Student: 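Dropping the structure in here first, questions after.
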Amino acid sequence: MMTWMKVSEAFGAQPGTRLTIKGWVRTTRESKAEGGLCFVGVSDGTCFDPIQVIARGGGDGALANFDAVKHLTTGCSVEVDGTLVASPAKGQAVEIAADAVRVIGTVENPDTYPVSNKRHTFEYLREVAHLRVRTNTFGAVARLRHCLSMAIHEFFDKRGFYYVHTPIVTGSDCEGAGQMFRVSTLDMANPPRGADGKVDFGQDFYGKESHLTVSGQLNVETHCCALSRVYTFGPTFRAENSNTSRHLSEFWMIEPEVAFCDLMGDSVLAEDFIKHLIDAALTRRGDDMKFFDERIEKGLIERLRHVLETPFRRLPYTEAVAILEKSGKTFEYPVKWGTDLQSEHERYLTEEHFKQPVILMNYPKQIKAFYMRLNDTGTDNAPGQTVAAMDVLVPKIGEIIGGSQREERLDVLDSRIVEMGLNPKDYWWYRDLRRYGTVPHAGFGLGFERAMMFLTGMQNIRDVIPFPRAPRQCDF
RNA sequence: UCCCCGAUAGCUCAAUGGUAGAGCGAGCGGCUGUUAACCGCUAGGUUCCAGGUUCGAGUCCUGGUCGGGGAGCCA
């Protein structure tokens, strides 16, 4: 009786096992020896390596359709019945001696098959995103992405966090994180207009303007202030015209929120979280990580082990500015207390000065969001007022996490809202959390794709998400 | 959005303003328990698009489209 096994299972089975595997041809090689041999590498995506299938054209195990098997090319789908045997040749420990190879789907023109068995650039493969997952690299990326997704839920579940499904469509355009995509069912060519000539969104689907969310944070805070420990993990949309290797207009974000927690507790959670992801990747996807280490970024595993074993460096923003001023480096943009650090400054700190992840804390209030908790005057001997915000910087990627302790004092929150030129009325339900049993709480946001880049060594964010969306890029 | 670079065979890239080339991939044959295989032969082109300069444009000029790197915004 043949057992249909995943290729990953077949590699672990005993020689002599009779089995069936089903998958796609990666490579074929032919030999005239022993009455005709055909070596077919078959992958079903369950592990990094394809398994080698031996088809014979003569002798005892001759296949009736050997001629068809000889004409298999990369991309064909097959079902193989056979026996797992120890391989007599180098290159693989085991292989499958085939009794039958059923050709399920052929490739209609091998000459133009987009992901033929050769090296392709990532730029090219982006144009064939529906097929690129059949390659070594994108198969590994897909498996690791799944592995990390599961590890994220597991991390929070084990710590008593509840997974909250925050909305994708939002009626508030006050989430405060940049340009938003409009959601509307109005006739764009001929929208209803009010007496003032402006578009009347009162007639739109929700009776008001609505957009895709840019953050689940404000919503998740409501559940934090009832369930204590919560997190979201979902898609996020930013309509910024960002054309970089680190930005997407649709990306996935993990946002935990913890009640009765301050900024230091928040930073400990962030550090534990990143380390858990590294551990999960290394222990559960060793095959894929080995590939990333050898072919994508030399020294990746060593770099991640170092991060895993070293405590993150915590550093007040004010001290970071002092370090940068004393560094002797000439930066394109000058360092000045009260302004945001530039990419070059962050890179210097995490890649050159400390050579490890750095958590910068307590930023000047004028460069951070209204909901971040105002620190006492004199915190860190800063020359101005600061808020309890943190950014986690990692080598190669830069900012991977942004978080803060939230302002739980209603009067302070209100004055900050007004100070930023916002209207407290727009935040009525957010303010209610401070009116009814307010508590100190804190949280952060981690860009999932940036974590993927950090863990794989992939250099373009469009290559760590199955179907990237970016300005002028919405194919597939 | 700003700065820089690029677009030629299925893919990666050559080609002084003067007949369009190679490697890989593909097809056929040879050799081999093969595995980045190797050897031979063959096929494969609207040189991104629209204008312009020129006797002549892949090459020079203008505009556009798309892609890459960097910056800003951020996760």
Side-chain angles (χ1 to χ4, degrees), chain A residues 26-41 49-56 70-71 73-75 85-92 95 97 107 109-128 131 135-136 176-179 214-217 235-255 270 295 331-333 340-344 346-347 367-369 391-394 397-403 444-454 459-463 465 470-473 475:
Chain A
R26 279 289 179 79
T27 57
T28 58
R29 288 175 294 277
E30 248 189 275
S31 171
K32 289 277 161 36
E34 303 178 27
L37 287 172
C38 193
F39 305 89
V40 186
D49 288 316
I51 196 163
Q52 178 162 277
V53 171
I54 314 301
R56 292 185 181 278
K70 275 201 310 192
H71 283 88
T73 56
T74 304
V85 296
S87 178
K90 284 179 183 168
Q92 59 283 315
E95 60 192 25
V107 166
N109 183 358
D111 189 32
T112 56
Y113 179 59
V115 289
S116 60
N117 185 32
K118 64 182 290 292
R119 282 180 193 162
H120 296 288
T121 60
F122 294 149
E123 292 81 16
Y124 165 72
L125 288 170
R126 252 169 249 153
E127 297 169 11
V128 285
L131 297 172
T135 64
N136 281 341
Q179 286 295 110
V214 293
S215 165
Q217 182 202 315
T236 305
F237 306 88
R238 305 267 169 100
E240 239 97 46
N241 191 9
S242 298
N243 294 288
T244 81
S245 55
R246 290 183 296 282
H247 290 84
L248 292 166
S249 57
E250 177 183 310
F251 63 100
W252 287 64
M253 191 152 63
I254 298 105
E255 296 173 287
R295 295 298 182 86
F331 295 107
E332 192 182 340
Y333 294 88
D340 223 346
L341 297 183
Q342 305 293 314
S343 293
E344 56 178 344
E346 296 180 345
R347 250 185 283 119
I367 58 172
K368 289 294 181 181
D391 280 358
V392 180
L393 311 178
V394 296
I397 311 299
E399 183 182 342
I400 195 169
I401 282 179
F444 63 79
L446 173 131
F448 186 48
E449 285 73 23
R450 290 206 181 157
M452 282 287 297
M453 294 170 76
F454 177 66
Q459 293 191 343
N460 194 310
I461 201 165
R462 299 171 196 209
D463 296 330
I465 189 168
R472 295 181 305 281
Q473 183 164 44
D475 295 324

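What you see is a predicted model, and the numbers here were worked out from it, not measured in a lab. Every chain is numbered from 1 and lettered A, B, ... according to where its sequence line falls, protein lines coming before strand lines.
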Student: So A/Glu30, base contact, sugar-phosphate only, or nothing? Heavy-atom distance under 4.0 Å.
Tutor: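 Here A/Glu30 touches the bases of the nucleic acid.
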Student: Pairs counted only when both distances fall under 3.5 Å, Watson-Crick or G-U: show me the 5' to 3' dot-bracket for RNA chain B, [ ] for pseudoknotted crossings and | for other-strand partners.
Tutor: (((((((..((((....[..)))).(((((.......))))).....(((((..]....))))))))))))....
Student: Measure from the side-chain heavy atoms of A/Tyr124 and tell me the nearest of B/A71, B/G72, B/G10.
Tutor: B/G10
Student: Touch check for A/Asn109, heavy atoms < 4.0 angstrom, all strands: base, sugar-phosphate only, or nothing?
Tutor: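 No contact at all - A/Asn109 keeps every heavy atom at 4.0 Å or more from the nucleic acid.
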Student: Return the nearest nucleotide to the side chain of A/Gln342; candidates are B/U1, B/A71, B/G67.
Tutor: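 Per side-chain heavy atoms of A/Gln342, the pick is B/A71.
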Student: When you measure from the side chain of A/Thr236 to the backbone of A/Trp252, do you find a donor-acceptor pair of N or O atoms at a distance under 3.5 Å?
Tutor: no
Student: Hey, is A/Phe39 stacking on B/G33? Ring centres under 5.5 Å, planes under 30°.
Tutor: no
Student: Check if the side chain of A/Glu95 and the base of B/G33 share a donor-acceptor pair of N or O atoms closer than 3.5 Å.
Tutor: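 Indeed there is one.
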Student: Within the structure, does a side-chain N or O atom of A/Arg126 lie under 4.0 Å from either OP1 or OP2 of B/G68?
Tutor: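 Answer yes for this pair, as a side-chain N or O of A/Arg126 is under 4.0 Å from OP1 or OP2.
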Student: Contact class for A/Arg56 (heavy atom, under 4.0 Å): base, sugar-phosphate, or nothing?
Tutor: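 Base, at least one base heavy atom under 4.0 Å.
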Student: Base, sugar-phosphate or nothing for A/Tyr333? Non-hydrogen atoms, less than 4.0 Å.
Tutor: sugar-phosphate
Student: Considering only B/C66, B/G33, B/C73, which nucleotide approaches the side chain of A/Ser242 most closely?
Tutor: B/C73
Student: Below the 4.0 Å mark, does B/A26 have OP1 or OP2 next to a side-chain nitrogen or oxygen of A/His71?
Tutor: no
Student: State the OG-CD distance between A/Ser87 and A/Gln92, to the nearest 0.5 angstrom.
Tutor: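 So the gap between those two atoms works out to 4.0 Å.
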Student: Indicate whether the side chain of A/Arg26 and that of A/Gln52 have a donor and an acceptor atom separated by less than 3.5 Å.
Tutor: no
Student: Looking only at the side chain of A/Arg238 (C-beta and beyond, no hydrogens), which of the listed nucleotides B/U32, B/A75, B/C24 gets closest?
Tutor: B/A75
Student: Under 4.0 Å between any heavy atoms, over every strand shown, what does A/Arg295 touch: base, sugar-phosphate, or nothing? Just pick one.
Tutor: nothing
Student: Between B/C31, B/U34, B/G68, which nucleotide gets closest to the side-chain atoms of A/Gln52?
Tutor: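 Nearest to the side-chain atoms of A/Gln52, counting from C-beta on, is B/U34.
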Student: Nearest 0.5 Å, what's the NZ-OG1 distance between A/Lys118 and A/Thr74?
Tutor: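 That separation rounds to 11.5 Å.
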Student: Within the structure shown, what part of the strands sits under 4.0 Å from A/His120 by heavy-atom distance: base, sugar-phosphate, or nothing?
Tutor: sugar-phosphate
Student: Hey, what do you get for CD1 (A/Ile400) to CG (A/Leu393), rounding to the nearest 0.5 Å?
Tutor: 10.0 Å
Student: Can you tell me how far CZ of A/Arg462 sits from CD of A/Gln473, rounded to the nearest 0.5 angstrom?
Tutor: 5.0 Å
Student: Report which part of the nucleic acid A/Glu34 touches: base, sugar-phosphate, or nothing (heavy-atom distance under 4.0 Å, all strands).
Tutor: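 Base contact - A/Glu34 has a heavy atom under 4.0 Å of at least one base atom.
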Student: Between B/U34 and A/Gln92, counting only base atoms on the nucleotide and side-chain atoms on the residue, is there a donor-acceptor pair under 3.5 Å?
Tutor: yes
Student: Measure from the side-chain heavy atoms of A/Lys118 and tell me the nearest of B/G68, B/G10, B/G33.
Tutor: B/G10
Student: Using a heavy-atom cut-off of 4.0 Å across all strands, would you classify A/Thr244 as base, sugar-phosphate, or nothing?
Tutor: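 Base: the residue A/Thr244, judged by heavy atoms under 4.0 Å, touches a nucleobase.
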Student: Hey, is the main chain of A/Glu399 close enough, under 3.5 Å, to the side chain of A/Arg450 for a donor-acceptor pair?
Tutor: yes
Student: Rounding to an integer number of Å, can you tell me how far A/Glu240 CD sits from B/C74 C1'?
Tutor: 7 Å
Student: Looking at A/Glu344 and A/Glu332, would you say the former's side chain and the latter's main chain have a donor-acceptor pair under 3.5 Å?
Tutor: yes
Student: At 4.0 Å (heavy atoms only), tell me whether A/Ile401 reaches a base, stays on the sugar-phosphate, or touches nothing.
Tutor: sugar-phosphate
Student: Contact class for A/Ser245 vs. all strands (heavy atom < 4.0 Å): base, sugar-phosphate, or nothing?
Tutor: sugar-phosphate
Student: Can A/Glu240 and A/Ser249 be said to form a side chain to side chain donor-acceptor pair (under 3.5 Å), step by step?
Tutor: CA-CA 7 Å; A/Glu240 239 97 46; A/Ser249 57; over 6 Å; no
Student: Closer to the 5' end of RNA chain B via nearest nucleotide, is it A/Ile461 or A/Tyr113?
Tutor: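 Of the two residues, A/Tyr113 wins.
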Student: By the 4.0 Å heavy-atom rule, please label A/Glu344 as base, sugar-phosphate, or nothing.
Tutor: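 Result for A/Glu344 = nothing.
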Student: Looking across every strand, which nucleic acid part, if any, lies under 4.0 Å from A/Thr73 by heavy atom: base, sugar-phosphate, or nothing?
Tutor: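 Sugar-phosphate contact only.
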Student: Quick one: does A/Arg29 reach the base of B/C38 with a side-chain donor-acceptor pair under 3.5 Å?
Tutor: no
Student: Would you mind classifying the nucleic acid contact of A/Pro110 as base, sugar-phosphate or nothing, using non-hydrogen atoms under 4.0 angstrom?
Tutor: sugar-phosphate
Student: Identify whether any heavy atom of A/Leu248 sits under 4.0 Å from a base atom; if not, whether one sits that close to sugar-phosphate; answer base, sugar-phosphate or nothing.
Tutor: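 The residue A/Leu248 makes base contact.
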Student: Between the main-chain N or O of A/Val214 and the side-chain N or O of A/Arg238, is there a donor-acceptor pair closer than 3.5 Å?
Tutor: yes
Student: If you take atom types as modelled and just measure distance, does the side chain of A/Ser116 reach the base of B/C11 with a donor-acceptor pair under 3.5 Å?
Tutor: no
Student: Rounding to the closest angstrom, what is the interatomic distance between B/G64 and B/C24 at atom P?
Tutor: 40 Å
Student: Of A/Asn243 and A/Asn117, whose closest RNA chain B nucleotide lies nearer the 5' terminus?
Tutor: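 In this pair, the answer is A/Asn243.
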